J.: 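Okay, here's the structure, questions in a sec.
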Amino acid sequence: MASKTTNPLQFIQQTRSEVAKVVWPTRREVLLTTGMVVAMAGLLAVFFSLVDWAIRSGLAGILTFFG
């Protein structure tokens with residue numbers, strides 16, 4: 001399959017045209033979504049720590065009971 005090649009100048013022009021179409025987030029949007037990601041990561045860390053503790057305690061209890 002033959003591919004159409006573009007010269008470097010056309011490539012740069014097309015790239016600039018595509019980048020101009022990008023809608024960049026505002027500073028407020030970036031800070032808000034970053035805060036949400038950090039908060040969710042913290043909540044998940046606490047959740048999985050509690051699940052891990054519950055499984056460890058349950059397994060230790062079962063092993064103590066039958067051991």
Side-chain angles (χ1 to χ4, degrees):
M1 182 188 300
S3 64
K4 183 179 179 226
T5 59
T6 58
N7 67 35
L9 183 60
Q10 284 179 325
F11 175 76
I12 291 171
Q13 288 172 341
Q14 291 172 356
T15 303
R16 292 184 68 166
S17 171
E18 289 299 317
V19 169
K21 295 178 188 176
V22 173
V23 179
W24 298 101
T26 64
R27 181 178 181 86
R28 184 177 182 275
E29 289 172 333
V30 170
L31 292 174
L32 185 64
T33 53
T34 301
M36 291 171 65
V37 168
V38 169
M40 196 61 166
L43 288 172
L44 286 172
V46 170
F47 171 76
F48 284 117
S49 294
L50 291 173
V51 169
D52 180 56
W53 173 80
I55 291 172
R56 259 188 298 128
S57 297
L59 188 57
I62 290 171
L63 291 176
T64 301
F65 182 74
F66 289 110

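All figures in this text were calculated on a predicted structure; none of them were measured in a lab. Because only heavy atoms are used, hydrogens play no part in the values below, and waters and symmetry mates are left out as well, while side chains stay in.
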J.: Going by the salt bridge (Lys or Arg N to Asp or Glu O under 4.0 Å) test, which pairs reach into residues 40-49, not counting sequence neighbours?
T.: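 Salt bridge (Lys or Arg N to Asp or Glu O under 4.0 Å) check on residues 40-49 returns no pairs.
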
J.: Per the salt bridge (Lys or Arg N to Asp or Glu O under 4.0 Å) rule, what does the pair list look like for residues 28-47, sequence neighbours excluded?
T.: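 Listed by first then second residue: nothing to list.
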
J.: When the side chains of residues 39-51 are checked against the rest of the protein, which donor-acceptor pairs come out under 3.5 Å, sequence neighbours left out?
T.:
residue: Ser49; atom: OG; partner: Ala45; partner atom: O; Å: 2.8

J.: Hydrophobic side-chain clustering at under 4.5 Å (ILVMFWY, transitive links): who's grouped with Val37? Put none if nobody.
T.: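 ILVMFWY cluster around Val37 holds nothing else.
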
J.: Any pair with a residue in residues 5-24 that passes salt bridge (Lys or Arg N to Asp or Glu O under 4.0 Å), sequence neighbours left out, goes on the list, sorted by first then second residue, please.
T.: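 Sorted result for residues 5-24: Glu18-Lys21.
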
J.: Distance-only criterion, 3.5 Å: show the donor-acceptor pairs between side-chain atoms of residues 57-67 and protein atoms not counting sequence neighbours.
T.:
residue: Ser57; atom: OG; partner: Trp53; partner atom: O; Å: 2.9
residue: Thr64; atom: OG1; partner: Ala60; partner atom: O; Å: 2.7

J.: How is the hydrophobic cluster of Met36 composed, in terms of its other members, when Ile, Leu, Val, Met, Phe, Trp and Tyr link through side-chain heavy atoms under 4.5 Å apart, directly or indirectly?
T.: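 Same cluster as Met36: Leu32.
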
J.: Run through the side-chain heavy atoms of Ile, Leu, Val, Met, Phe, Trp and Tyr, join any pair under 4.5 Å, and report what else lands in Leu31's cluster.
T.: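 Leu31 clusters with nothing; isolated.
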
J.: Give every residue pair that meets the side-chain hydrogen bond (donor to acceptor under 3.5 Å, both in side chains) criterion with at least one member in residues 30-42, sequence neighbours excluded.
T.: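 Passing the test, one end in residues 30-42: no pairs.
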
J.: Which pairs, with at least one residue in residues 54-67 and sequence neighbours excluded, count as a salt bridge (Lys or Arg N to Asp or Glu O under 4.0 Å)?
T.: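 Residue pairs passing salt bridge (Lys or Arg N to Asp or Glu O under 4.0 Å), neighbours aside: Asp52-Arg56.
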
